[in-house]
Amino acid sequence: MKCMFCGYDDSKVIDSRSADDNRTIRRRRECLQCGKRFTTYETIEVTPVLVIKANGNRQAYDPQKIKNAIIKACTKRPISMEKIDELTEGINKQVYNTMEQEISSKEIGEMVMKELKETDDVAYVRFASVYREFKDIDSFMNELQSLQQEKK
């Protein structure tokens, strides 16, 4: 690591500790030439992921959109914000673990539905009704009946 004071190319690490909820490592360094100390931060480089929408448009993946959709589905349900954060983080991990630079909105929707189905039936049905765009009461009832069959 280049010294910010004298420009020398080598330094030694004096102290390392995690920061930012274990997503960053903070390192105290000492220049081997001038002896001055400075701090560096090491973070994971995240490759941007594009979401392919149903109409073919592409946009940057935004975890906040997932969280907002889950919050909406869980409104007035006994689901804590901690659990919503956990669900959102799990979906983010799934998206980034695909190791693909592009993912369809359909795949993300299915991930959300799977997580909600395991968490809360009402939140799942709420999300599914918007995501699957039920056209009539029959398609809605079919989804409810398949959910009841799975629960038995």
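Numbers for residues simply follow the sequence, beginning at 1. In what follows, every heavy atom counts, from backbone to side chain, and hydrogens, waters and symmetry copies are set aside. Quick caveat, the model's predicted, so the values are computed rather than measured.
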Salt-bridge test for Lys114 and Glu118: reply yes if a basic N is under 4.0 Å from a carboxylate O, no otherwise. yes

Minimum-distance pair of heavy atoms, taken over all atoms of [X] and [Y]:
X: Tyr124; Y: Met113; answer: CD1-O, 3.4 Å
X: Asn55; Y: Asn57; answer: OD1-N, 2.9 Å
X: Leu116; Y: Ala123; answer: CD1-O, 3.9 Å
X: Ser11; Y: Cys31; answer: CB-CA, 4.1 Å
X: Pro63; Y: Thr88; answer: O-CG2, 3.9 Å
X: Val95; Y: Thr98; answer: O-OG1, 2.7 Å

Output for pair (Cys74 SG, Met81 CE), nearest 0.5 Å, gives 9.5 Å

Taking the side chain as every heavy atom from C-beta outward, state whether Met111 and Ile103 have any pair of such atoms under 4.5 Å apart.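 Of all side-chain heavy-atom pairs linking Ile103 with Met111, at least one is under 4.5 Å.
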
Any donor-acceptor pair under 3.5 Å from Asn97 side chain to Lys93 backbone: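 A pair under 3.5 Å: yes.
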
Sort and list the pairs that fulfil ring pair (Phe, Tyr, Trp, His ring centres under 6.0 Å) and have at least one residue in residues 65-85, not counting sequence neighbours. none

For Ile79 and Ile70: C-alpha separation, side-chain torsions, deciding distance, then whether side-chain contact (heavy atoms from CB on, under 4.5 Å) applies. CA-CA 10 Å; Ile79 300 168; Ile70 293 172; over 6 Å; no

If you apply the rule side-chain contact (heavy atoms from CB on, under 4.5 Å), what do you find for Leu144 with Gln148, and how did you get there? CA-CA 6 Å; Leu144 288 174; Gln148 280 183 324; 5.7 Å; no

Residue that, paired with Thr40, satisfies side chain to side chain donor-acceptor pair (under 3.5 Å) out of Arg26, Arg28, Arg29: Arg29

Trace of the side-chain contact (heavy atoms from CB on, under 4.5 Å) decision for Tyr61 with Glu102: CA-CA 9 Å; Tyr61 172 69; Glu102 294 183 335; over 6 Å; no

